[in-house]
Amino acid sequence: MEEIGIDVHAHHHVDPVVEYKASKLGMWLFLATELLLFGGLFAAYAIFRAKYPEMFHEEHKELDRTIGAINTVVLICSSLTMALGVASIQRGKKKLLSLFLLLTILFGIVFGINKYFEYGHKFEHHIYPSTSIFFALYFMMTGLHMLHVLAGVLVLTALLILSLKGKFSENYYTPIELGGLYWHLVDLIWIYLFPLLYLIS
Amino acid sequence: METKAHIEEHHVGYTTYVLVWLALMVLTGITVWVSYLHFGVFNIVVALLIASIKASLVALYFMHLKFEDKTTWIFVLYPIVLLALLIGLTAVDVFFRTTP
Amino acid sequence: MANHTVAETIHVPYLEEKGILSWILSTDHKRIGIMYLVSISTFFVLAGIAALLVRLELLSPGKTIVDAHTYNVLFTFHGSAMVFLFIVPGIAASFGNFLIPLMIGARDVAFPRLNLLSYWLYLLGTVIILFSLLKPADTGWTFYTPYSIQTGTDVILLTFGVFILGFSSILTGLNFIVTVHKLRAPGMTWHRLPLFIWSSYATAILQLLATPVLGITLLLLIAERVFGIGFFDPAKGGDPILFQNFFWFYSHPAVYIMIIPAMGVISEVIPVFARKPIFGYKAIAYSSLAIALISFLVWAHHMFVSGMSEVAATVFSFLTFLVAIPTAIKVFNWLATLYKGSIELRTPMLYALSFIFLFTIGGLTGVFLGTLAADVHLHDTYFVVAHMHYVMIGGTVMGFFAALHFWYPKMFGKMYNEAVAKVAWFLVFVGFNVTFFPQFILGMEGMPRRYADYPPQFHTLHEISTIGSWILGLGILIMALNLLRSLTNGEKAPDNPFNSLSLEWQIPSPPPHENFEKIPHVTDWTYGYGKKNNQEG
Amino acid sequence: MNWLPEEASNLARNVDTVIWFVTIISLVFFFLITVVLVFFAIKYRRKSGEDETPYITGNHFLETLWTIVPSILVLVIFAYGFIVFKQMRTPPQEALEINVIGKQWLWQFQYDNGKTTINELYVQQNRPVKLIMRSEDVIHSFFVPAFRVKQDLLSGMYTYLWFTPTKVGVFDLYCAEYCGAAHSKMLGKVIVMSPEAYERWRKGEEREEQKGVASISPVQLGEQLYQQRGCNACHTIDGTPSVGPSWKGLFGHEVTLQDGTKVTADENYIRESILEPQAKLVKGYQPVMPSFKGILTDEEISAIIAYIKTLK
Ligand code: HEA
Ligand code: HEA
Ligand code: CUA
Ligand SMILES: [Cu+2]
């Protein structure tokens, strides 16, 4: 992730404003590809749900709504702290930024722990990706999402370290914005996964 | 193209963020509640509608899409169109197959 | 035209620094472009040698040199290496990297380090694919399920390698889009951009938005093999045609990823050697975009007899014809550019004209395949093989060779031997047609593709085709030797040997590290050739 | 100069007309483009470095023209292709239904009278046939060039195609979807018979084969079956290993199995190999041989064994 845009003093001497705008556009393009990466899974979901409605209805009961809902709330909160982090550095509040980054990371970790138990629970009940199409979708969708959470946590940790070193200020916070955009996308995808997988009625 | 070393940017305030967060929490509550009601096929429609409202809130405010330029908007909207086409046209295949 | 400054201060040509590290750690777009050029050419030769073996096996019915399984491995390697290692990165990554910043008047691409990462990912992908050769896959380059789930060969490594290459392709596309949007020199408005930039931009959109779907499809295929999930496996309630839908959602746009950059090259070469402004600039520019947008909607024309629904087949056939139109527009505009020109048949121009001739054949035969009733007979026969080689070699590779001869002096600061280059062109042109034209006939007669062996009635045509492949190989060999020799023995190239007006020719050959000492201020478009009088501008 | 194969079904003529229609339009454009290209390249050849060229950047009329004309033409092509396609996908009610099973790497045909044939499809002249097809493993594709028909076979889903054979004769059948090692050996024949001959075959009274059984030796019958039943797709008789082991020198010799044990290839072993191929796998080969239980009669198996015995 860091590849994108930390180049303030890049050797090609691009104007910092152009640099900033370019980096943000680049990040949005990257998010577009992420959307289509998940897109294949959403398409598979749509097709198989229409094909096997009963299977989806029956098997989704194995999923734990409460954990799903808690994780939704956790991610939404993490999105808030992330947004607040960006807002604080825009106003030059460096300490606040570090605090919000830390909170975001913690929420991310809580999400991961929940998922760990959720998967463990499934395996105990001998539910695997090969169990059925529904669970294949469940594991692939949440698994790919989990990988993104993991990547996000790593990126945010790197940003936290840089932030603690005082690298960012109201004049330079591009990486924070980009990290934030990425993190919000992770939240955004979960916003769809939650009703699609856990709340089939 | 920009030449001035000056970032003209809209800064969203803390309160806006908190309000958006509140809305997201409320919508999450609604979507769980609604899933216990029975509208038949409309359940999924409602669920997706709520999810889309939530997603738009995140994109517009948390991600500042509201304040981005046209280029960014195009590169956000076109992939969504493509995704719809991927699903839609594949469905045209899968659900119109004739059996002998 | 742009006011340019020839190096006065110490401007080191980008090729100067020696040592392997100075290359593989370089973020200079020109060096990355050259590294891509070398890599893709290597794989072109390797995959080409596999093709020669494929042709040799088909020289006569029965077993000629290899058994059926080895044959299947050979065409799988040939197809997947040509597609994923050569032609998809192809012109876009090699010439695109080298030229985009030069043509728009920038010092580098928007994200130089990301650019280097793309190249490393490309290398990583190739290494993985080469490893897969320990137990080479035999699925064809299309990896159709359920065969690709069941075969005992190493499909996982191959598809994983392609997955990594996909990332490389995505990041390159991303980089180019941002570069074109944000780094154009002052005065370089959209309607002054060279057409190569327009085509690179359109290609980048395709790379960015189509590749992720291939990525997830291959991941799912790997998951089918590793975890036993069953999206594509009918035995588990899955749908094998769904795989085809996903695969072609990428792979049809991919054929335009292959061809659009070549079209960009042709749009650059023709005006220079006809000394005429390009005819219908806007139509050519926007038709690239149109192709990029429409080409997402035609994927299932590869599946008319797959068991997909007839409704979908009809929709897709209809949409397929729509993409023929923007392409037609380009062909006619190129022809019109020649009108009243002052045409010089240097090697790049010969390849460019061959492109028009051969690609027209390839494109028109594509129309046969897009026609529902005709495709039922022609699908999966050698007609398709001939079609794809006419567009991929007659189109893209001709464009690639044109680019190679056109920008060679700029890239390496040396001239190649023109006479030898023309001989090579002649052999390539003749050899290509002898190899692939008979395959149209074979296909019409019903010869299926991917056949290690064939009934005797197809013998003569296969024989001609195989002989053609030797002529073609010889031509490429001579071309390669000529270019390689010129690296050391060639005459020093002038800065602008072909009197082109576009920016990259206004700086030294080879260009200095920084490209432009001062960022140029652009005041006119790139195609101001010819005498302006009362004609509208 | 006709590059298309003989037209032997009712559909062939229509498909060919479509192909010719597209060919003619293509040839017009092809010649137009080539002539213009060559003409310009010669006429406007550079004479000197000082040649003056006009500054022409476009022409709205021409550009509109060459957008509109191809657009109209492709729409016509589309419509024509669609009309014939529709016909190809609409079997008549009275069509005779035959079940087709594709598996690696042979074709199996099941008729309404309970008959089963391998790699040979028997149909009657001028009588519409509808093939109801499925695969037992990977995708295959039923392709008869002379009929201009092609359709993939999938497992887990039926597909169909239809045609009316119009000429008596024997026509090539290919598998057109890549299906593994012996894809190019997955060949068959479609045998179109006159109504009388077909009736005889159907009743099975005077089946040509049966007449044969009486008059030819088991070894000859075995050799015939080797061809007809598709053993030759995987087994050679000259000693070169293919998908399966060669039959040359098989009988009476020791065979090493997957688990390292050795067995002698006697009558029982060969019989078991044919009926339950997966029971004893030969070392170095994949478990891909289909079972011929219910396809080959005891008599036929004996004939094959007799034939294998002769291959020394
Ligand atoms: C560079 C790559 C490239 C390009 C540019 C194209 C271009 C086109 N292709 Fe091709 N195609 C391939 C690469 C490419 N293709 C490959 C690799 C395969 C095989 C994959 C596999 O199975 O392994 C394939 C297969 C393929 C099929 C599937 C065949 C089958 O398996 O049954 C079809 C079917 O519709 C098709 C159609 C077309 C069409 C309509 C175009 C159009 O874009 C062509 C448009 C151009 C013209 C039409 C010519 C110029 C126009 C004029 C001169 C104007 C006048 C024209 C008219 C009035 C018609 N292609
Ligand atoms: C960019 C794409 C590309 C290119 C350039 C080529 C180039 C060639 N292809 Fe390719 N081909 C494909 C893409 C391509 N192919 C694809 C996608 C398939 C489908 C695979 C599948 O079904 O899965 C295919 C399938 C395919 C088949 C069908 C196999 C089958 O279905 O059974 C055949 C058969 O003739 C063939 C032949 C050739 C030949 C002779 C060349 C020649 O042009 C090659 C020329 C190059 C060289 C010869 C190398 C250069 C050599 C030197 C520099 C020196 C060495 C020379 C000598 C020793 C003489 N190809
Ligand atoms: Cu069966 Cu190819
Ligand atoms: Cu296509």
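Every chain is numbered from 1 and lettered A, B, ... according to where its sequence line falls, protein lines coming before strand lines.
With chain C as partner, the option from D:Thr159, D:Val144, D:Ile139, D:Asn14 having the largest number of non-hydrogen pairs under 4.5 angstrom is D:Ile139. Note on C:Gly528, C:Ser306, C:Gly363, C:Ala324: by heavy-atom pairs under 4.5 Å with chain D, the leading option is C:Ser306.
Contact of C:Ala235 with chain D is not made at all, since no heavy-atom distance falls under 4.5 Å. Contacts of D:Leu187 with chain C are made by side-chain atoms alone, with heavy-atom separations under 4.5 Å and no backbone atom involved.
Between C:Tyr527 and D:Tyr55, the distance separating the two ring centers is not shorter than 6.0 angstrom.
The number of heavy atoms from other shown groups lying within 6.0 Å of OH (D:Tyr158) does not exceed 12.
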Q.
C:Tyr339 vs D:Phe40, test: ring-ring contact (aromatic ring centres under 6.0 Å, His included). Steps then yes/no.
A. CA-CA 6 Å; C:Tyr339 174 68; D:Phe40 282 180; 5.8 Å; yes
Q.
Show, in sequence, the C-alpha distance, side-chain angles and deciding distance for C:Phe332 and D:Ile33, and conclude whether the side chain to side chain contact (heavy atoms under 4.5 Å, CB included) test is met.
A. CA-CA 8 Å; C:Phe332 295 128; D:Ile33 289 170; 4.2 Å; yes
Q | Step-by-step ring-ring contact (aromatic ring centres under 6.0 Å, His included) determination, C:Phe304 to D:Phe85 | A | CA-CA 10 Å; C:Phe304 289 152; D:Phe85 181 67; 7.0 Å; no
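No donor-acceptor distance shorter than 3.5 angstrom exists from the side chain of C:Lys340 to the backbone of D:Pro54, with no hydrogens or angles considered.
Side-chain contact of D:Thr53 with C:Arg275: a donor-acceptor pair under 3.5 Å is absent, judged by distance alone. If you check the side chains of D:Tyr178 and C:Asn72, you find a donor sitting under 3.5 Å from an acceptor.
The aromatic rings of C:Tyr451 and D:His183 sit perpendicular, their planes meeting at an angle over 60°, well past the 30° parallel limit. Relative ring orientation between C:Phe318 and D:Phe78 is described as perpendicular, the plane-to-plane angle rising above 60° on a 0-90° scale split at 30° and 60°.
Nearest heavy-atom pair across C:Thr371 and D:Val22 is OG1-CG2, 4.1 Å.
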